[in-house]
Number of protein chains: 2
Amino acid sequence: MPKTAARAHDNPYVVQPVMKALKVLELVARQGHEIALTAVSKELRIPKTTTFRYLQTLTAAGFLDHNRATDRYNLGPQLRAIARADASVSKIRELARPAMIELMHEFNETVNLAVKGNGTIVYIDLIEANRSLRMQARIGESHPMHSTALGKAILAFLPEAERRRQLDLPLTERTGRTLIEREEIERQLRQVARTGYATEMGENEDGAMCVGVPVLDEDGYPVAALSISAPLMRMPHSLAAKAGMRLREVAAGISARLGSHPAGATR
Amino acid sequence: MPKTAARAHDNPYVVQPVMKALKVLELVARQGHEIALTAVSKELRIPKTTTFRYLQTLTAAGFLDHNRATDRYNLGPQLRAIARADASVSKIRELARPAMIELMHEFNETVNLAVKGNGTIVYIDLIEANRSLRMQARIGESHPMHSTALGKAILAFLPEAERRRQLDLPLTERTGRTLIEREEIERQLRQVARTGYATEMGENEDGAMCVGVPVLDEDGYPVAALSISAPLMRMPHSLAAKAGMRLREVAAGISARLGSHPAGATR
DNA sequence: GAGCAAATTCCGCAAGGCGAAACCTCTGTT
DNA sequence: AACAGAGGTTTCGCCTTGCGGAATTTGCTC
């Protein structure tokens with residue numbers, strides 16, 4: 001059996017130890033229960049020593065859990081955490097999408113959905129208005145928190161300590177109108193907390209504005225934000241206020257449904 | 001910062017390529033969105049070439065997904081499948097446990113819970129009766145499908161094609177009473193499908209018997225099975241029939257509650 | 001169409017992964 | 001209590017194969 005070059009035809013860049021370790025991970029996971037070193041080794045036809053090393057590594061990384069009592073391995077916390085975080089994002093996107101499409105038609109402007117990243121907001125979905133002049137972000141793109149309506153909406157609803165930590169980071173000046181004075185930002189955030197929606201006027205991109213609201217999870221934590229963005233010239237204050245109101249309604253609906261899952265696994 | 005030997009103190013058996021690739025996987029997963037090669041490389045301080053290889057490997061294994069349009073990576077189907085399977089098993093165990101304890105007290109015999117493995121059933125939980133002579137399986141142990149009540153209960157409710165595939169595999173003879181005639185087994189499975197419970201009399205272990213029923217998911221697929229096992233001498237046919245009935249009730253309750261989660265992710 | 005930035009490919013070096021075998025450590029047994 | 005055996009851990013030297021700098025290609029942007 002020519003097993004040496006077995007995987008080479010797949011992709012010359014595949015790193016064998018990684019691939020084999022992933023097979024181990026997969027096998028352990030698919031058992032749905034603890035499994036011992038020897039069993040993995042036999043099943044995968046990988047020598048015991050090598051299997052041992054992979055199991056050790058996977059365990060060290062938290063992807064597996066080693067039960068010292070039974071000397072068996074099963075799924076670890078890391079993998080569950082990743083899956084949970086992913087499911088959460090998927091769920092928000094799924095819940096938000098219909099409402100976003102509705103909003104897009106209502107205002108005929110681009111509607112954005114973003115999650116809180118590390119000091120930034122990250123677009124996870126957007127419905128573009130069918131207009132020649134439109135604001136475009138990209139899914140996967142990160143923007144600073146303090147210069148976007150999405151970010152300000154999240155900041156305003158963050159727990160005190162975390163908000164402070166965010167604002168302690170250096171605040172980049174994206175345009176001439178970006179707020180970089182701590183005082184000024186905090187004043188605005190207090191207002192956002194009162195009205196429930198945040199606005200941004202050319203602070204992130206020249207000529208563009210945005211109205212954003214937070215999406216809260218069952219604990220009231222702002223996991224994401226929803227916004228409508230438009231060229232400044234097309235969105236006067238009065239319309240922005242109206243958009244803010246509608247966004248609040250929509251986000252409230254999403255937030256409500258976010259908490260309604262029984263969550264099968266441990267926490 | 002001496003980062004070369006940074007991980008060596010952890011565990012001499014940690015395989016570096018695997019560990020680093022897992023860090024890549026984790027980083028990508030924790031983004032909650034697509035991320036590009038260069039970003040991963042910079043974040044993790046791993047040379048671009050190496051990062052590239054890991055991303056390729058993780059993608060080839062299905063743990064990541066490579067979006068060719070944007071040349072970015074995010075979580076792949078494999079990881080989601082693993083997480084889903086794990087959550088499902090956890091949930092079954094969780095839901096079944098109270099009922100199993102009740103059953104154990106009711107019959108004063110060991111109650112077993114198993115999931116379908118690859119051609120086998122795998123014990124994922126059991127409540128042992130407090131008797132000196134008792135049947136004992138072990139959590140994590142696998143038994144053949146055709147020689148156990150648990151397996152027969154599952155087989156009987158499997159889709160036609162999959163059942164055939166299972167029975168095409170060589171059927172090991174565990175005891176002198178193990179059924180290995182295809183005809184005979186299929187006749188029994190039809191009966192199991194009618195009555196809703198399967199029995200096994202010394203076919204898996206001499207002197208032991210077992211009554212089992214399937215646990216069905218929302219699609220009617222037998223994901224697991226529940227059984228009561230006892231020494232043959234303690235369980236006459238009449239009692240076995242009674243146990244079968246009770247097991248059916250209990251499993252129906254579990255099956256019903258299995259479908260009651262909204263299931264956040266795609267399918 | 002020039003100029004980047006990012007991804008992909010190439011290539012030679014040697015780090016470090018590999019696996020056989022020895023060793024240890026339990027559990028169950030006589 | 002000693003034994004046997006299965007399964008887990010450690011050692012060790014070979015040599016595969018992973019590594020990463022550099023070159024090349026690809027795909028944008030101006």
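Any value given below was found using the heavy atoms of this structure, including those in side chains, with hydrogens, waters and symmetry copies removed. Below, read A as the first sequence line, B as the second, and so on, with proteins coming before strands; counting in each chain starts at 1.
Take B/E200 and apply the salt bridge (charged side-chain N to carboxylate O under 4.0 Å, His left out) test, not counting sequence neighbours, and it matches no residue. In this view, B/Q78 and A/R30 satisfy the side chain to side chain donor-acceptor pair (under 3.5 Å) rule, not counting sequence neighbours. Taking the side-chain contact (heavy atoms from CB on, under 4.5 Å) definition, one finds that B/A240 meets it with B/M209, B/V211, B/M235, sequence neighbours left out. By the salt bridge (charged side-chain N to carboxylate O under 4.0 Å, His left out) test, B/R97 pairs with B/D125, sequence neighbours left out. For B/A39, the side-chain contact (heavy atoms from CB on, under 4.5 Å) test picks out B/I35, with sequence neighbours left out. Qualifying side-chain contact (heavy atoms from CB on, under 4.5 Å) partners for B/D71, counting only residues two or more places apart in sequence or in other chains: B/H66. Partners of A/S147 under the side chain to side chain donor-acceptor pair (under 3.5 Å) rule, at least two apart in sequence or in another chain, are A/N204. Listed by chain and residue number, B/L37, B/T38, B/S41 satisfy the side-chain contact (heavy atoms from CB on, under 4.5 Å) test with B/K48 (two or more places apart in sequence, or in another chain).
Going from atom CZ of A/R68 over to atom P of C/dT25 covers 13 Å, rounded to whole Å. Atom CG of B/N11 and atom P of C/dG17 are 12 Å apart (whole Å). One atom, CG of A/L55, and another, C1' of C/dC18, lie 16 Å apart when rounded to the nearest Å. In this structure, A/I46 places its CD1 atom 8 Å from P of C/dG19, rounding to the nearest Å. Between the CZ atom of B/R45 and the P atom of D/dG20 there is a distance of 14 Å, given to the nearest Å.
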Hey, what are the protein-to-nucleotides 7-14 of chain C N/O distances that come in under 3.5 Å?
from: C/dA7; atom 1: OP1; to: B/L37; atom 2: N; distance (Å): 3.2
from: C/dA7; atom 1: OP2; to: B/T38; atom 2: N; distance (Å): 3.0
from: C/dA7; atom 1: OP2; to: B/T38; atom 2: OG1; distance (Å): 2.0
from: C/dA7; atom 1: N7; to: B/K48; atom 2: NZ; distance (Å): 2.9
from: C/dT9; atom 1: OP2; to: A/Y13; atom 2: OH; distance (Å): 3.4
from: C/dT9; atom 1: O5'; to: A/Y13; atom 2: OH; distance (Å): 3.2

Under 3.5 Å, which protein N or O atoms sit close to an N or O of nucleotides 26-28 of chain C? Give each pair with its distance.
from: C/dG28; atom 1: OP1; to: B/R138; atom 2: NH2; distance (Å): 3.2

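Exactly one of B/L150, B/V223, B/V122 qualifies for a side chain to side chain contact (heavy atoms under 4.5 Å, CB included) with B/V115. That residue is B/V122.
Residue pairs meeting the ring pair (Phe, Tyr, Trp, His ring centres under 6.0 Å) criterion with at least one partner in residues 35-56 of chain B, sequence neighbours excluded, are A/Y13-B/F52.
The phosphate of D/dG20 has neither OP1 nor OP2 within less than 4.0 Å of any side-chain N or O from B/Y54. When the side-chain nitrogen and oxygen atoms of A/K20 are compared with OP1 and OP2 of C/dG17, none of them lie within a distance under 4.0 Å.
Two end axes, each from the C1' atoms of five base pairs, can be drawn for the helix from C/dG1-D/dC30 to C/dT30-D/dA1; they diverge by 50°, to 10 degrees.
A/E34 and A/T70 share a donor-acceptor pair across their side chains, judged by distance under 3.5 Å alone.
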